Number of protein chains: 2
Amino acid sequence: MKYSKKTISESLPRYQEIQNHLKSQILSGTWAPGTKVPSEHELAAQFDCARMTVSKAIGSLVEKGLVVRRRRAGTIVAAPRSQETVLEIHDIQAEVQASGRLYRFDIQSRRVGKATREEAEKLGAALGSPVLAISCVHWADTVPYALEERLINLDAVPEAESEMFREVPPGSWLLAKIPWNEAEHRIFAVSADAVTARVLKIRRSAPCLCIERRTRRDSHNVTYVRLIYPGEQHVLVARFQTHGATAR
Amino acid sequence: MKYSKKTISESLPRYQEIQNHLKSQILSGTWAPGTKVPSEHELAAQFDCARMTVSKAIGSLVEKGLVVRRRRAGTIVAAPRSQETVLEIHDIQAEVQASGRLYRFDIQSRRVGKATREEAEKLGAALGSPVLAISCVHWADTVPYALEERLINLDAVPEAESEMFREVPPGSWLLAKIPWNEAEHRIFAVSADAVTARVLKIRRSAPCLCIERRTRRDSHNVTYVRLIYPGEQHVLVARFQTHGATAR
DNA sequence: GAGTGGTCTAGACCACTGA
DNA sequence: CAGTGGTCTAGACCACTCA
């Protein structure tokens, strides 16, 4: 049978029909974890298509973690292990503006120097490396939105030394300068210390959400940032990864 | 040219070689966002393989968000938008045991009844639906680890009504009972109220990390849970999605 | 040894869209 | 309207692993 595109039916790609069929069996619980999925040959016959089309459908389910493939053993429904979710951490400026508020930022302090032990550790750079340390407050309308404390490795981004961040906040500047990074995040709750309370205009020891991020580029540590959001105001939303469209 | 598997070279699949090549161009910054990637035909010629092999390589990069494909326009390097990370939220029992500590849990309260307005809203069920409300403390050795407040929709999981959770905590019980869900998470910082402070043995108004999760199965809301972790003790770790192995 | 998935080919037709 | 990606086929060979 030669290839010929959908005739009637409102043209969902063949592999997606197959994928949806399998997914519904799994998510509805008809196929419990450990259940053997029909072999690719069987599915190809059942859906009257080439095996590769089936393979593409199943491959996508593997990436989502819904099934596990093993040679000879076949494809089986995976056990849901940890709750794995996709968390989107947006650019602060975009985040504020998306909520319809006016964005601005203040540079509180700016220092170029050699990394102290603590700074070197946070940044993952050698003691005494040249660093730029910045403290910055982000505002939404007239309300403090977040406190940013950032270290930039000047070995990795020498241009930053002469950048004063008058127009563009450090995060956006770096994003444009150094696109495509790897990063690790740590998320936890902290109590506002005196400085944080003052600049964010909240009471001392108020709960805050803290996001720490270390960013690498090509295995070189580029920047470390600690963002503190006034508690209960800022909510991170994550959706379960396994369902719906894949990445974005 | 007929297909014949790797001869010399230690056999990385063809499509992965291509993918790695493209990825390194992007992550190293050689190809800035907006740069046009060679067409699939060109790449197929360049790597001496079929176009479908190239397509598979690129398809994977699309899922990771590194490139965007458009007909006629071709494939271009994507702009890194939000920092999208994968967050793993583990089963509490597994989490505690993984850290080498003894896990146990206490059921603080258990009530079967009709959903109040607040409960119905949290659960996303109709007012007056039958619900099971549970409060539960998780321990690591002799230290309180987290406070769990959970609502279970008895329309979706009627077996829960007679389950006393003597052996297995509600989360694990549900996971085994209702495999494969969809879920939404909300993460934020809160201040410990009187009850939370008492059961977690922390001072009042201490900062805590709060994770709310609403779980669906087949579009039916199954359970709502609110987990409160003593602040600064519990850290969520997330890694940037775009690099390295895909899902897990 | 036989059956499974893993990968690949050399075509093909189609749909979209930018020049 | 021409070039791009999107999808698909009907094979093929290979590697693994379980019976």
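On a predicted model such as this, the values are computed, not experimentally measured, just so you know. No hydrogens, no waters, no symmetry mates; every other heavy atom, side chains included, goes into these values. Below, chains carry the letters A, B, ... as their sequence lines are ordered, and counting in each starts from 1.
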Kindly indicate whether the side chain of [X] and the base of [N] share any N or O donor-acceptor pair separated by less than 3.5 Å?
X: A:Arg72; N: C:dA2; result: yes
X: A:Arg51; N: C:dT4; result: no
X: B:Arg70; N: D:dG6; result: no

Interatomic distance where [atom1] belongs to [X] and [atom2] belongs to [N] [whole Å]:
X: A:His41; N: D:dA12; atom1: NE2; atom2: C1'; value: 11 Å
X: B:Ile18; N: D:dG5; atom1: CD1; atom2: P; value: 13 Å
X: A:Arg69; N: C:dT7; atom1: CZ; atom2: C1'; value: 11 Å
X: B:Lys36; N: C:dA19; atom1: NZ; atom2: P; value: 11 Å
X: A:Asp48; N: D:dC8; atom1: CG; atom2: P; value: 12 Å
X: B:Leu43; N: D:dT4; atom1: CG; atom2: C1'; value: 13 Å
X: A:Glu63; N: C:dG6; atom1: CD; atom2: P; value: 12 Å
X: A:Gln19; N: D:dC8; atom1: CD; atom2: P; value: 11 Å

If the cut-off is 4.0 Å, is [X] near the phosphate of [N], judged by side-chain N/O to OP1 or OP2?
X: B:Thr75; N: D:dG5; result: yes
X: B:Lys56; N: C:dT7; result: yes
X: B:Thr53; N: C:dT9; result: yes

Between [options], which nucleotide has the shortest distance from any of its atoms to the side chain of [X]?
X: A:Tyr15; options: D:dC16, D:dC8, C:dA15; value: D:dC8
X: B:Met52; options: D:dG6, C:dT9, C:dG6; value: C:dT9
X: A:Glu40; options: C:dG5, C:dT9, D:dG5; value: C:dG5

Discussion item. Using heavy-atom distances to pick each residue's nearest nucleotide on DNA chain D, tell me which of A:Cys49 and A:Ala73 is more 5'.
Written reply: A:Cys49

Worksheet item: Considering heavy-atom distances to DNA chain D, does B:Ile58 or A:Gln16 have its closest nucleotide positioned more toward the 5' end?
Response: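 Mapping each residue to its closest nucleotide by heavy atoms, the 5'-most match is B:Ile58.
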
Discussion item. Would you say B:Ser172 and B:Asp91 are linked by a side-chain donor-acceptor pair, where the criterion is simply a distance under 3.5 Å?
Written reply: yes

Discussion item. Show every ring pair (Phe, Tyr, Trp, His ring centres under 6.0 Å) that has at least one partner inside residues 35-73 of chain B, sequence neighbours left out.
Written reply: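 Counting only pairs at least two positions apart or across chains, the ring pair (Phe, Tyr, Trp, His ring centres under 6.0 Å) contacts touching residues 35-73 of chain B are B:His21-B:Phe47.
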
Worksheet, complete the sentence: Residues passing the side chain to side chain contact (heavy atoms under 4.5 Å, CB included) test with B:Arg72, sequence neighbours excluded, are none

Worksheet item: Got a salt bridge between B:Arg69 and B:Glu40, using NZ or NE/NH1/NH2 to carboxylate O under 4.0 Å?
Response: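 Counted as a salt bridge, because a side-chain N and a carboxylate O are separated by less than 4.0 Å.
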
Fill in: Note, B:Glu95 side chain near B:Tyr103 side chain (heavy atom, < 4.5 Å)
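With C-beta onward as the side chain, the pair stays apart.
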
